[in-house]
Amino acid sequence: MAPVTRFAPSPTGFLHIGGARTALFNRLFARHHGGVFRLRIEDTDKQRSTPEAIEAILEGMRWLGLDWDDEVVFQSARAERHREVALELLEAGKAYRCYATPEELKEMRERARAEGRPPGYDGRWRDRDPADAPEGVPPVIRFKAPREGEQVIEDLVQGQVTVANRQLDDMIILRSDGSPTYMHSVVVDDHDMGITHVIRGDDHLTNAFRQRQLYEAMGWPVPAFAHIPLIHGADGAKMSKRHGALAIGAYRDEGYLPEALRNYLLRLGWGHGDEEIISDAQAVEWFDVGDVGKNPARFDFAKLDNLNAHYLRQRDDESLTALLEVRRTARGESGFTELQVERLLAGMASLKQRAKRLDDLESAAEVYLVDPPIAYSDQAKKLLTPDALSHLAGLRALLEASGWEREELEATTRQFAEEISDPPLKLGKVAQPLRAAITGSKVSPPIFEVMEILGRKSCLERLDSCLNGANFS
RNA sequence: GUCCCCAUCGUCUAGAGGCCUAGGACGCCAGCCUUUCACGUUGGUAACACGGGUUCGAAUCCCGUUGGGGACGCCA
């Protein structure tokens, strides 16, 4: 039977990096086994769920390239069905009404803790006569969990994990307002959606035991579980949603490519021999959830950057130019002119070799985007000593008559430095100030390439403005 | 407090009793390439948490210690 997996985020925050990895693994597992990957939005908490968050999650999934099958299931739309199952359990004597007040519950927990017992509900309404029900108190419905024995889960990642039933209390499946709780909805939905493999974060492991009890009470087949370890921050602390730039959109904004993030996330907790650069097709072919490690991984931006740089170099120049334009218009600035596009396309090959992220690429691309007079960095100014400026003045005269292919430009500059200049100079002595004058920066792509792309007119303009106006020393 | 899980270079990992004087990648350091920066390339640094077993032999199996993490809501 082909497996059916699902990613089931709750829209109380944005899609974060841990959720993205969970979704990735679910998708890869399904694709690998020729199964189905579904998406369910767990929006049963009406107070905290927002339409913005739902949209952000869907957008994050799409951006990351995590396409899902079938329609998105909204848990809130299924409340009636959840209630129906809860009532069925009540009818069958596998659940009961409980009238305990929040104060009583709190006290129970405190006492249990003080006495060294597992904290939780003590079952005081479990076998009580319904006639004892207090007037006017709406009850919750609790699941009558087995008290003896144990729950054994054969987790695909964690291995066999056992918990004694006495550790688990009678959980609420229907709130006093009649709405279903998460623990209950998940089981009903996973069953109804035909989920065969529940792949989710390690933080749900203990939930699995309770959920297993419910499956059994309903006589439903228990799905396979795979609880994958959580991602930790660089400091080893857990990566909470509050930890700053962790929403998936933040990675996009900082200039990470979805394929780089996918590759990075895949290698967190999973490996395939010595493979580091793994294409989507290879990922589908190689990935199996059983190979996921049990130890939590720390998030390392340096490695992500390295992967991102790799995929940046891999991208074609057109798509990179388009990406740059999108970033720009997203800030409310105008798109590129024809000339700018022409220059970017010509220069992209060496530009992308120098960038780790799109924002690096963007600032490196500035050379081709600004009009003179250009701004000079402090380091560029340092390069433009009186001596250097006089060299540039000499070079300018030769440039006037030089061919403008990069090789010709280099030959001209070399000729000036090594033959005309007295005493002779090393190429760098002239090329560096030239770079500063043309680009306003100490670093850039090969200067003769930049000059070729910029064209004669623009370069001489920049040179003149540097030579005339400026006093850099 | 109760229960559960984890433990190989700084980080991600390979390793399923001899192939391990522990491999790869990122980072870091150095060399080469070079008009800068990068790319590329060559080399280097660096780990089996600790203590007991089991075994002819343990990073790999068992137990304990320590250290990390997670779960214990009418949240999901």
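Numbered from 1 within each chain, the chains take letters A, B, ... in sequence-line order. Below, each value reflects all heavy atoms present in this structure, side chains not excepted, and no hydrogens, waters or symmetry copies.
With a 3.5 Å ceiling on both atom-pair distances, the Watson-Crick or G-U wobble partner of B:G40 is B:C32. Shown here, B:A76 forms no base pair; nothing in the strands shown gives a Watson-Crick or G-U wobble contact with both key distances under 3.5 Å. Figure legend. B:U66 is base-paired to B:A7; pairs are counted as Watson-Crick or G-U wobble with both atom distances under 3.5 Å. When both distances must be under 3.5 Å, the Watson-Crick or G-U wobble mate of B:G57 does not exist. Summarising the base pairing, B:A47 is matched to no nucleotide, lacking a Watson-Crick or G-U wobble pair whose two defining distances lie under 3.5 Å. When both pairing distances are held under 3.5 Å, B:C20 makes no Watson-Crick or G-U pair with any nucleotide shown. Nucleotide B:U2 is matched to B:A71 when pairs are restricted to Watson-Crick or G-U wobble geometry with both distances under 3.5 angstrom. Nucleotide B:A14 is matched to nothing when pairs are restricted to Watson-Crick or G-U wobble geometry with both distances under 3.5 angstrom.
Looking at heavy-atom distances under 4.0 Å, A:Phe448 makes contact with a base. Contacts of A:Gly116 with the nucleic acid, taken as non-hydrogen atoms under 4.0 Å apart, involve only primed sugar atoms and P, OP1 or OP2. Nucleic acid contact for A:Gly269: sugar-phosphate only, since backbone atoms but no base atoms lie under 4.0 Å from a heavy atom of the residue. Using a 4.0 Å heavy-atom distance criterion, A:Leu268 is classed as a sugar-phosphate-only contact. Among the atoms of the strands shown, none is found under 4.0 Å from any heavy atom of A:Asp169. A:Gln353 comes within 4.0 angstrom of a base, heavy atoms only.
Two rings, from A:Tyr182 and A:His184, have their centers 6.0 Å or more apart. Aromatic rings of A:Tyr256 and A:Tyr264 (six-membered ring for Trp) have centroids beyond the 6.0 Å cut-off, not under it. The ring of A:Phe143 has its center no closer than 6.0 angstrom to the ring center of A:Tyr96.
One N or O donor and one acceptor, one from the side chain of A:Arg435 and one from the base of B:U35, sit under 3.5 Å apart. For A:Ser176 and B:C74, a side-chain-to-base donor-acceptor distance below 3.5 Å is present, hydrogens and geometry of angles not being considered. Donor-acceptor pairing under 3.5 Å, judged by distance alone, is absent between the side chain of A:Lys294 and the base of B:A7.
Taking the C1' atom of each, B:G17 and B:C62 are spaced 14 Å apart, rounded to whole Å. To the nearest whole angstrom, the two C1' atoms, one in B:G23 and one in B:C9, are 12 Å apart. Only the C1' atoms considered, B:G64 is 30 Å distant from B:U21, to the nearest whole Å. Nucleotides B:C12 and B:C48, compared at atom P, are 16 Å apart to the nearest Å. Only the C1' atoms considered, B:G10 is 35 Å distant from B:U55, to the nearest whole Å. B:C29 sits 16 Å from B:A46 when the P atoms are compared, rounded to a whole Å. Nucleotides B:U11 and B:A71 place their P atoms 23 Å apart, quoted to the nearest Å. Taking atom C1' on both nucleotides, B:G18 is separated from B:C4 by 35 Å, rounded to a whole Å.
Phosphate contact (OP1/OP2 of B:C74, side-chain N/O of A:Thr181, threshold under 4.0 Å): absent. Put simply, A:Arg166 has no side-chain N or O that comes within less than 4.0 Å of OP1 or OP2 on B:U2. Contact annotation: A:Arg109 reaches the phosphate of B:G73 (side-chain N/O to OP1 or OP2, under 4.0 Å). Taking 4.0 angstrom as the limit, A:Asn295 places a side-chain polar atom (N or O) nearer than this to OP1 or OP2 of B:U8. A:Asn306 has a side-chain polar atom (N or O) that falls below the 4.0 Å cut-off from OP1 or OP2 of B:G27.
Between A:Phe299 atom CZ and B:G10 atom P the separation is 21 Å, expressed in whole Å. One atom, CE of A:Met108, and another, C1' of B:G1, lie 18 Å apart when rounded to the nearest Å. Taking atom CD of A:Gln167 as the reference point, atom C1' of B:G1 lies 11 Å away to the nearest angstrom. In this entry the distance linking CD1 of A:Ile231 with P of B:G69 reads 16 Å, nearest Å. Distance NZ (A:Lys356) to C1' (B:A38): 8 Å, rounded to an integer number of Å. Between the P atom of B:U2 and the CZ atom of A:Arg117 lies a distance of 12 Å, rounded to the nearest Å. Distance NE2 (A:His204) to P (B:A71): 9 Å, rounded to an integer number of Å. When the C1' atom of B:C72 is taken as reference, atom OH of A:Tyr182 falls 14 Å away, rounded to whole Å.
Comparing A:Arg21 and A:Ala431 by the nucleotide of RNA chain B whose heavy atom lies nearest to each, the residue mapping closer to the 5' end is A:Arg21. Checking A:Ala164 against A:Gly273, the closest nucleotide of RNA chain B that is more toward the 5' end is the one next to A:Ala164.
Annotation: side chain of A:Asp189 is not in contact with side chain of A:Ile195 (no heavy-atom distance under 4.5 Å). Looking only at side-chain heavy atoms (C-beta outward), A:Ile248 and A:Leu261 come within less than 4.5 Å of each other.
Ring-plane geometry between A:Phe301 and A:Phe299 is classed as perpendicular, the angle between the planes exceeding 60 degrees on a 0 to 90 degree scale with a lower cut at 30.
Judged by the 6.0 Å distance and 45° axis criteria, A:Arg40 is not positioned over the aromatic ring of A:Phe7.
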(message) Using the rule given for side chain to side chain donor-acceptor pair (under 3.5 Å), can you reason through A:Glu410 versus A:Thr413, listing the C-alpha separation, both sets of side-chain angles and the distance that settles it, and then say yes or no?
(response) CA-CA 5 Å; A:Glu410 176 169 351; A:Thr413 308; over 6 Å; no
